[in-house]
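See structure below.
Numbering of ligands and ligand atoms starts at 1, following listing order.
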Amino acid sequence: MCGIVGYIGAKNATPIVLNGLKRLEYRGYDSAGLAVLTNGHIEVRRDAGKLERLAALVEADPVKGKIGIGHTRWATHGEPSARNAHPHLSTDSDFVVVHNGIVENFLDLKEELTAEGAVFRSDTDTETIVHLVERYYSLEHDMTLAARRALKALKGAHGVVLMSSHEPDKIIAARIGNAGGVVIGYGDGEMFVASDIPAILEHTRRVSFLESGQMAVIRRTGVEVFTLDGQPVEPQIHTVAWDPIAAEKGEYRHFMQKEIHEQVRSLTDTLAGRVDLDEGRVRLPTLNLDEKTARKIQKIVITACGTASHAGMVGKVLIEHIARIPTELDIASEFRYRDPLVDENTVVLAISQSGETADTLAAMEEARKKGAVLWSIVNAIGSQAMRLASGCISMQCGPEIGVASTKAFTAPLVDLYLLAVLLGDLRGTLDEARRRKLVADLALVPDLAGRCLDRESEVAEVARSLKNTRDALYLGRGINMPIAYEGALKLKEISYIHAEAYPAGEMKHGPIALVDRNMPVISIAPLDPWYEKMISQVEQVKARGGVVVAVATEGDARVEGLADHIFWVPETPWLLSPVVTVIPLQMFAYHIAALRGLDVDQPRNLAKSVTVE
Ligand code: G6P
């Protein structure tokens, strides 16, 4: 949540910060602001609402300088207003801060600082940080030492970026706990800092990441990294392979639509280098898995939030069916507080697009304390979920900007399949013929996804006829039951239509009472082992006057005779079918939201990376 950007160099910081914020707006859009050091003092521009309001403000009242910081906010403490927008200034306006996280002891600190004479101008917890820095600067006369003392006084998890007119040659950045990443970008005579890579990708691909408990002093010419106790740390510089164009909308109206269409590419990249079709084998070197460890595993617990948890639900079916290892999906925010039963023979596998979701990271920490083996499937390179794990499968998606996750859902489905095959191979649960067949099927996936995308106009047509519906029910069974959950989530998060998902077999225990002429029932009924069961459920819905929208395999005459609308998908090996059945549901939600004129990429109340509890 909350996006942070900073720049120090020879250019004008204002457009660089504004552009960076634009790339991060998916992290929060309640308010936006920037601060620039100009002629020895700090100028702030900030406003409630989206970034375009800040851009208009800056255009009307321009500000220039060679060092600047900015912020886009997802409100926690204090309503989303201009006065609560970051950056926040100290009492004498010589220090300024942007922040991601929650200062848990802010009430105590505020009381102390107010008693000392600090003047608070907002309702935020963040403002305490800048007053603390001011307090310690008056004692230390050194920005780095003052920042260190201030940071040590904070409870909670934080990403912080600070600057001061007293020491205009530096920006200070810090990461404490899991409130989101802090990435430092290395340019030529200029440096960048941000909460996420896309913000700085157009300037540099050379980056390093702060670990929790580290603080960086960033100057034009480079960076020094310290622990909060002042011990120097050598930053590791990585080169990001992402193409800056990948973070642009291009010919598409919305990032979500672009990202739906990028799935052919992301699925192709997911297989590249990992599938050996000649040998009929899967290779996942970054998982660091050998036969001995594979044979030791007694249980796998997949933990994740939101869309990633739906991928985990599919993962349970895949791993249990292919590798015969008991596997559970545990929602991260539940797992972390339940004293879960995991030990050194358990693998806890976290799935996360951002790799920064607070609940997922906390679940990983909990698992680590209990001695479990930690793996992750993560998209954001260098993120905490990647670094915490002893083995990681990196999603090959490139940046995902739309708040509603799409390509970062189908990629981990394939990653989980790869994992299941690898485990099955290492544990000897797969004979050679079966293993070869499972691997050969993978090669079909990108093309099958492409064939779903080719039918976008048909899906858009159905969306047009159902765009005014108030509710929708999504049903699926077996491996496609999680797709009902994912389809319903897509619809509610971007179109604000109430949508419920159910395992189809549970219909008779309650939800069937909801069915009438006004209730579209989206029934996921491809040719998989649950097909017959799904058909009888569809019959029951029809018998009660429901409007059936079926996801069905091309050429299926039975479904054609039953359903009011059909999203056709190509025939697909059933273990891979969720990759294709979800695509029309992504497009359906997208078109309904776009037809209703809603902000598809930045739906109300949501944020892409949820770095608070
Ligand atoms: C937020 C996003 C969802 C995402 C979830 C988990 O709720 O809006 O799209 O699925 O977080 O995020 P992660 O980055 O851990 O996959």
Short list, please: which atoms of ligand 1 are under 4.0 Å from a heavy atom of T307? 10 (O)
Any ion pair linking E365 and K369 (charged N to carboxylate O, less than 4.0 Å)? no
re atom 11 (O) of ligand 1, the protein heavy-atom contact at minimum distance is K608 O, 3.7 Å
Among all the protein's non-hydrogen atoms, which is closest to atom 7 (O) of ligand 1, and how far away is it? V610 CG2, 3.9 Å
If we number the atoms of ligand 1 from 1 as shown, the ones under 4.0 Å from a heavy atom of S354 are 13 (P), 14 (O), 15 (O)
Salt-bridge contact E400-K407 (side-chain N to carboxylate O under 4.0 Å): no
For atom 6 (C) of ligand 1, what's the nearest protein heavy-atom neighbour? Residue, atom name and distance, please. C305 O, 3.4 Å
Give the minimum heavy-atom separation between V193 and V182, together with the two atoms involved. CG2-CG1, 3.8 Å
Which class fits the ring pair H254 and Y590: parallel under 30°, tilted 30 to 60°, perpendicular over 60°? perpendicular
For the pair W530 and W574, name the ring-plane relationship: parallel under 30°, tilted 30 to 60°, perpendicular over 60°. perpendicular
Nitrogen or oxygen atoms of V403 and ligand 1 under 3.5 Å apart: yes
Do D343 and K370 meet the salt-bridge criterion of a basic N to acidic O distance under 4.0 Å? no
Give a yes or no on whether a salt bridge exists between R23 and E202, defined as a side-chain N under 4.0 angstrom from a carboxylate O. yes
Show me which atoms of ligand 1 lie under 4.0 Å from any heavy atom of S352. 13 (P), 14 (O), 15 (O), 16 (O)
Would the number of heavy atoms belonging to other residues, nucleotides or ligands and lying under 6.0 Å from NZ of K22 be above 12? no
If the contact criterion is a heavy-atom separation under 4.0 Å, does A404 count as touching ligand 1? no
In the protein, which heavy atom is nearest to atom 16 (O) of ligand 1, and how far is it? Q353 N, 2.7 Å
What protein heavy atom lies closest to atom 8 (O) of ligand 1? Include the residue and the distance to one decimal. A607 O, 3.1 Å
re atom 12 (O) of ligand 1, the protein heavy-atom contact at minimum distance is T357 OG1, 3.3 Å
